[in-house]
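For reference, the structure discussed in these notes is given below.
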Amino acid sequence: MHLSVLGIVIVCVSGLIVGAAKTGIQGLGIVLVPLVAMAMPGKASTGFVLPLLVAGDVIAVLVWGRKVVWPSLLRLLPWTVLGIGAGYFAMAAVSDTLFRPLLGGLILGLIALDLARRLAGLGIRSDHGLVVALVGVLAGVSTMMANAGGAVMTIYLLSMALPKEEYVGTTAMFFFIINLVKLPFSLALGLITAASLRLDLMLLPLVGLGAWLGLRVVKKLPQRAFNIVAQVLAG
């Protein structure tokens with residue numbers, strides 16, 4: 001992969017962001033999507049980021065795996081897998097030229113969704129079947145097409161008023177499972193290449209450093225401050 005000096009800086013920063021987002025600073029991943037798209041073509045950027053996300057997921061699950069709220073997680077998974085399938089077919093049909101504006105529109109749509117919810121003062125009943133289905137499908141489509149499912153999950157999990165440890169643990173396990181599901185789809189689309197994997201391996205120490213930083217931050221943040229940071233990063 002031929003990167004400019006700016007591109008090298010961007011991918012190094014992205015490694016730190018992945019680690020920090022996975023272990024503590026939830027929602028930070030939404031910054032990752034447009035950032036990496038500045039360094040490489042839109043579709044290629046999603047394939048490059050995915051192995052880094054899986055590495056970060058492994059660390060996060062090792063740290064927070066015992067804090068998972070399994071009932072909430074298991075309700076979402078079938079719908080999210082359905083959304084991943086829809087995102088796969090959409091990516092197969094869209095050219096890279098069209099993918100970049102589509103990616104931007106998807107991110108803006110996620111932000112608008114949360115903004116509308118907050119302006120309307122809507123209280124989301126997270127256990128409602130329709131809400132679970134909508135969140136699951138949206139998370140699946142957005143994570144398959146842009147690795148941006150974190151924004152949807154933030155809106156959903158904050159509505160459940162989970163303590164920060166359960167919030168981070170449930171998010172970690174959810175994306176660990178979902179990103180593993182995404183791997184064969186990304187390989188089938190040719191998004192993950194030998195060159196992108198070599199670059200991912202070089203960035204693993206930065207993912208580890210970011211994970212350490214994220215863990216230190218989340219342990220020091222009071223619950224209220226944690227919720228505010230998560231909401232700001234989601235929208």
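If you're wondering where the values come from, they're calculated on a predicted model, not measured in any experiment.
Side-chain contact between T46 and S186 is absent, with no heavy-atom pair separated by less than 4.5 Å. Between V137 and T80 there is no side-chain heavy-atom pair separated by less than 4.5 Å. In this structure the side chain of M202 never reaches within 4.5 angstrom of the side chain of V11, judged on heavy atoms. You'll find the side chain of L62 stays beyond 4.5 Å of the side chain of I59, heavy atoms only. Two residues are said to be in side-chain contact when any heavy atoms from C-beta on lie closer than 4.5 Å; L134 and L138 meet this criterion. Considering only heavy atoms from C-beta on, T23 stays 4.5 Å or farther from V218 through its side chain.
In this structure, V36 and S14 approach most closely via the heavy-atom pair CG2-CB, 3.8 Å. A pairwise comparison of heavy atoms in I192 and G47 identifies CG1-O, 3.5 Å as the closest pair. The minimum heavy-atom distance linking I10 with A39 is given by the pair CG2-CB, 4.0 Å.
Judged by distance alone, with hydrogens and angles left aside, the side-chain atoms of S142 form a donor-acceptor pair with the main-chain N or O of A139 at under 3.5 Å. In terms of modelled atom types and a separation under 3.5 Å, the side chain of K22 and the main chain of A211 share no donor-acceptor contact. For S196 (side chain) and F48 (main-chain N/O), no donor-acceptor pair under 3.5 Å exists by modelled atom type. Between the T170 side chain and the V69 main chain, a donor and an acceptor come within less than 3.5 Å of each other.
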Quiz prompt | Test side chain to side chain contact (heavy atoms under 4.5 Å, CB included) applied to M91 and L191, step by step | solution = CA-CA 10 Å; M91 288 193 76; L191 301 179; 3.7 Å; yes

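Atom CG of residue L197 and atom CG of residue L52 lie 9.5 Å apart, to the nearest 0.5 angstrom. Put simply, CD on E166 and CZ on R66 are 12.5 Å apart, with the number rounded to the nearest 0.5 Å.
Residues satisfying the side-chain contact (heavy atoms from CB on, under 4.5 Å) criterion with I8, sequence neighbours excluded, are L3, C12.
Screening residues 50-74 for ring-ring contact (aromatic ring centres under 6.0 Å, His included), with sequence neighbours left out, gives no hits.
The hydrophobic cluster containing L16 also contains M38, counting ILVMFWY residues as joined when their side-chain heavy atoms lie under 4.5 angstrom apart, directly or transitively.
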Per-pair distances, 0.1 Å, donor-acceptor, side chain in residues 173-185, under 3.5 Å, sequence neighbours excluded:
from: N179; atom 1: OD1; to: K182; atom 2: NZ; distance (Å): 3.0
from: N179; atom 1: ND2; to: D57; atom 2: OD2; distance (Å): 2.7
from: N179; atom 1: ND2; to: F175; atom 2: O; distance (Å): 3.1
from: K182; atom 1: NZ; to: T143; atom 2: O; distance (Å): 2.8
from: K182; atom 1: NZ; to: T143; atom 2: OG1; distance (Å): 2.9
from: K182; atom 1: NZ; to: N147; atom 2: OD1; distance (Å): 2.7

